[in-house]
Amino acid sequence: MKNIAVFASGTGSNFKAIHGQIQLGNIFGQIILVVSNNPNCGAIIYAKEHKLPILIVNSIKYPNHDLYESRILKALGTSQIDLICLAGYLKLLPNKVVTRYKNQILNIHPSLLPDFGGKGFYGMKVHEAVIKAKVSTSGATVHFVDAEYDHGPVIAQSKVDVFSSDTSETLAKRVLQAEHKLYSMIVKAFCEDKIVCGKNKPIIEVFNEN
Ligand code: GRF
């Protein structure tokens, strides 16, 4: 049984999807910490409703970066975390956390990385850029996290067709559905020790949504 920490800043629909699969008994893990910079976001409201332990870390509570970093490390250590899932966390993880939990941190991104990733590509900006570029395929990517935005080794991708009639909103909706399936699948595989980065090359699988 893996101990999971989820980091989220927004609605938390990916967090909810993973938690839902845990509750159904499909993922051999437990979410024992939910970290956010935003105490009023959907993810935190959901965590409270489900009585999951919460940690709020932001520049108001922790104006000093070292204290912010050590508070997160302490909480992760105390909870004996095996896996960190970034699910719409809008802050860069502190360096010491990335180093300490190398190959144990996953992120989901709403495009086929390395396309439409990196600093500035978040939320609807990703889908707006995809539509503007007139590409015919987009999708979702789960990857290991390193010190740069959207940069670590890719684990799996799910492809979604882009239609000429799509707006960034309609595309975002379809990609988000693909994200929920893909992220739950990869968290499940991680919890079964099927995803190992470091010694081996990361597993790269591509699933087609359409
Ligand atoms: C998702 O699109 C995810 O790919 C990105 O942030 C968004 C979070 O959405 N990293 P939600 O909060 O999980 O609904």
Side-chain angles (χ1 to χ4, degrees), residues 2-36 38 41-50 52 54 82-90 104-113 115-117 121-128 130-131 137-145 149-150 152 154-163 166-192 194-195 202-210:
K2 303 281 188 210
N3 291 337
I4 303 171
V6 174
F7 283 57
S9 303
T11 318
S13 69
N14 279 287
F15 156 42
K16 293 170 195 172
I18 293 165
H19 186 245
Q21 289 301 313
I22 289 173
Q23 285 185 312
L24 288 171
N26 294 334
I27 295 176
F28 194 53
Q30 51 182 351
I31 296 175
I32 50 176
L33 186 63
V34 181
V35 182
S36 184
N38 180 357
C41 68
I44 291 300
I45 292 166
Y46 178 88
K48 281 184 183 163
E49 282 167 5
H50 290 80
L52 297 170
I54 290 163
D82 304 301
L83 170 64
I84 297 172
C85 292
L86 303 188
Y89 187 61
L90 294 178
Q104 291 172 273
I105 311 175
L106 304 180
N107 182 42
I108 184 139
H109 184 80
S111 75
L112 297 176
L113 289 175
D115 295 343
F116 307 103
F121 282 110
Y122 60 90
M124 290 307 285
K125 288 187 190 298
V126 176
H127 305 294
E128 283 160 13
V130 167
I131 298 274
T137 312
S138 188
T141 302
V142 174
H143 65 97
F144 283 109
V145 169
Y149 278 112
D150 305 327
V154 169
I155 299 166
Q157 295 185 311
S158 177
K159 287 185 177 178
V160 173
D161 285 341
V162 183
F163 304 120
D166 265 327
T167 62
S168 44
E169 285 80 14
T170 57
L171 178 62
K173 214 170 156 187
R174 286 206 313 286
V175 170
L176 195 59
Q177 281 170 358
E179 288 184 41
H180 296 162
K181 277 197 238 166
L182 184 72
Y183 213 0
S184 297
M185 191 187 298
I186 299 306
V187 171
K188 175 180 163 62
F190 187 98
C191 290
E192 293 167 5
K194 289 183 178 156
I195 295 179
I203 301 161
I204 302 184
E205 287 187 59
V206 178
F207 305 93
N208 279 298
E209 272 303 301
N210 307 100

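Model, not experiment: these values are computed from the prediction.
- A donor-acceptor pair under 3.5 Å is formed between the side chain of S36 and the backbone N or O of A8.
- Rounded to the nearest 0.5 angstrom, E128 CD and I131 CD1 are separated by 9.0 Å.
- Taking 4.5 Å as the limit, every side-chain heavy atom of V126 sits out of range of all side-chain heavy atoms of S138.
- The neighbour count for Y122 OH, taken as heavy atoms of other residues, nucleotides or ligands under 6.0 Å away, does not exceed 12.
- Nearest heavy-atom pair across D166 and L171 is OD1-N, 3.8 Å.
- H19 has its side chain out of reach of V6: every pair of non-hydrogen atoms, C-beta onward, lies at least 4.5 Å apart.
- Side-chain contact between N38 and I44 is absent, with no heavy-atom pair separated by less than 4.5 Å.
- Without hydrogens or angle criteria, T141 side chain to S111 main chain gives a donor-acceptor distance under 3.5 Å.
- N3 contributes no side-chain N or O that, together with a main-chain N or O of D82, makes up a donor-acceptor pair within less than 3.5 Å.
- Side-chain contact between V160 and Q177 is absent, with no heavy atoms from C-beta onward closer than 4.5 Å.
- In this structure, CG in L33 is found 6.5 Å from CZ in F7, a value given to the nearest 0.5 Å.
- Considering all non-hydrogen atoms of both residues, V34 and A47 come closest at CG2-CB, 3.9 Å.
- The shortest non-hydrogen separation linking H127 to A172 is CD2-CB, 3.5 Å.
- The main-chain N or O of L106 is found under 3.5 Å from a side-chain atom of Y183 such that the two form a donor-acceptor pair.
- Here the shortest heavy-atom pairing between Q21 and N26 reads OE1-ND2, 2.7 Å.
- For the atom pair Q157 CD and I108 CD1, the distance stands at 10.5 Å (nearest 0.5 Å).
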**Study point:** Derivation of the side chain to side chain contact (heavy atoms under 4.5 Å, CB included) call for V35 and I84
**Key:** CA-CA 10 Å; V35 182; I84 297 172; over 6 Å; no

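- Of all non-hydrogen atoms in L112 and K159, the two that sit nearest each other are CD1-CG, 4.0 Å.
- D150 places a side-chain heavy atom less than 4.5 Å from the side chain of N107.
- In this structure, CG on N14 lies 5.0 Å from CD on E179, to the nearest 0.5 angstrom.
- Looking at heavy atoms from C-beta onward, F15 lies in side-chain contact with I31 at the 4.5 angstrom threshold.
- Minimum interatomic distance between V187 and C85 (heavy atoms only, all atoms of both residues): CG2-SG, 3.8 Å.
- Atom OG of S13 is separated from atom CG of L176 by 4.0 Å, given to the nearest 0.5 angstrom.
- With respect to the salt-bridge test (charged N to carboxylate O, under 4.0 angstrom), the residues K188 and E192 qualify.
- Remark: F190 CZ to I27 CD1 distance equals 12.5 Å, nearest 0.5 Å.
- Judged by distance alone, the side chain of K48 and the main-chain N or O of I54 form no donor-acceptor pair under 3.5 Å.
- Under the 3.5 Å distance criterion, the side-chain polar atoms of H109 are matched with a main-chain donor or acceptor of F116.
- Contact check for E169 versus M124: side-chain heavy atoms found under the 4.5 Å cut-off.
- No donor-acceptor pair under 3.5 Å is formed between the side chain of S158 and the backbone N or O of L182.
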